[in-house]
Amino acid sequence: MKIPFIQVADISKTFRDAKRGREVTALDHVSLDLDRNEFLCLLGPSGCGKSTLLNMIAGFEFPTTGTVHVGGVKVERPGEQRGMVFQQANLMPWLPVWENVAFSLKLRGKGAKERREVARKFIEMVGLQGFENHYPFELSGGMSQRVGIARALLMNPEVILMDEPFAALDSQTKLEMQEELVDIWQHQRGTIVFVTHSVDEALILGTKVAVMTYRPGKIRELIPLDLPRPRDVTSPEFNELKRHILALIREESERARAEVLAERAAAAR
Ligand SMILES: Nc1ncnc2c1ncn2[C@@H]1O[C@H](COP(=O)(O)OP(=O)(O)O)[C@@H](O)[C@H]1O
Ligand SMILES: [Mg+2]
């Protein structure tokens with residue numbers, strides 16, 4: 001039997017909500033198998049556990065029950081095999097672009113000449129040539145995200161985990177970045193798990209979309225996308241899928257709203 005490259009096996013995650021003095025089940029018996037070179041988009045309403053699931057694949061958080069394996073190895077800590085890109089690039093403001101991109105090489109004791117050379121390749125890959133010596137405060141939001149992506153790519157990870165990396169960008173920059181990310185993924189290959197709350201973004205990027213339920217988070221539906229690339233957002237197939245996914249999300253959001261109202265009513269009693 002073939003072992004899936006990423007194997008999330010029946011994980012649940014409970015957090016202690018100290019403010020309300022109770023337990024919150026963020027994820028409830030989630031299972032997910034993913035092959036190499038897939039581009040999975042995790043889609044769901046805010047608070048449904050997308051980041052929690054991603055952080056468990058990264059090794060930043062651990063399931064209360066269940067296991068995560070990547071490449072047949074149980075995830076017990078972060079590792080270079082799994083690169084992470086966050087919503088904010090979190091660059092080191094005192095270092096120029098190239099030093100930020102190559103920081104992991106510094107940690108491995110590589111000299112400046114080598115770091116600069118390796119960094120150049122990845123800076124070019126994300127379209128930032130000419131900005132090697134700029135400092136983070138001189139960059140736009142989109143450029144900072146490019147630096148964050150270059151930094152993750154430089155570690156040559158087998159998996160890139162992205163937590164709403166384009167959410168803070170203006171819509172034009174977002175479209176450009178989506179296009180470039182697909183381009184990089186098609187050329188470099190590798191497995192991407194990409195969290196988003198945008199249906200369009202998921203449909204533009206993914207080979208699969210996992211739609212999650214509101215708390216406790218489960219995978220409501222795993223949808224394979226065999227739309228041709230570049231994705232045509234005006235095509236009937238695209239819009240058919242979009243309609244279907246929006247209906248699922250609407251149901252989940254309504255459930256969320258009802259739950260919040262019920263909680264408020266209970267608290268007022
Ligand atoms: N460290 C934590 N401590 C307590 N509760 C948490 C923690 N992290 C996440 N949660 C809760 O778990 C649920 C899922 O959170 P999260 O994974 O961040 O959702 P999403 O990324 O889909 O918006 C939320 O109800 C959130 O409040
Ligand atoms: Mg999140």
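Note that ligands are numbered from 1 as they come in the structure, with each ligand's atoms numbered from 1 the same way.
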Under-4.0 Å salt bridge between Glu252 and Arg255: yes
Phe194 and Lys50, any side-chain heavy atoms less than 4.5 Å apart: no
Residues Arg16 and Glu23 bridged, charged N to O under 4.0 Å: yes
Protein contact to atom 18 (O) of ligand 1 [nearest heavy atom, distance to 0.1 Å]: Ser51 CB, 3.8 Å
Salt bridge Glu240-Arg243, side-chain N to carboxylate O under 4.0 Å: yes
Any N/O pair Glu61/ligand 1 closer than 3.5 Å: no
Heteroatom proximity flag, Phe15 to ligand 1, N/O under 3.5 Å: no
Heteroatom test (N, O or S) for Ser51 near the Mg ion (ligand 2), limit 2.8 Å: yes
Short N-O contact, Arg116 and Glu132, less than 4.0 angstrom: no
Nearest-neighbour protein heavy atom for atom 15 (O) of ligand 1, which is reported as residue plus atom name and distance: Thr52 OG1, 3.8 Å
Sub-4.0 Å protein heavy atom next to atom 26 (C) of ligand 1: no
Contact check: Gly49 vs ligand 1, nitrogen or oxygen atoms, below 3.5 angstrom: yes
Per-residue contact class, Met212 against ligand 1 - non-hydrogen pairs under 4.0 Å: neither
Carboxylate-amine/guanidinium contact Arg36 Glu158, below 4.0 Å: yes
Arg231 side-chain N/O to Leu203 backbone N/O, donor-acceptor pair under 3.5 Å: yes
Min N/O separation Arg16 to ligand 1 under 3.5 Å: no
Pair Arg108 + Glu80, salt bridge at N-O below 4.0 Å: yes
For atom 24 (C) of ligand 1, closest protein heavy-atom neighbour: Gly47 O, 3.8 Å
Per-atom contact, atom 21 (O) of ligand 1, protein heavy atoms, under 4.0 angstrom: yes
Polar proximity ligand 1 side, Val24 side, N/O cut 3.5 Å exclusive: no
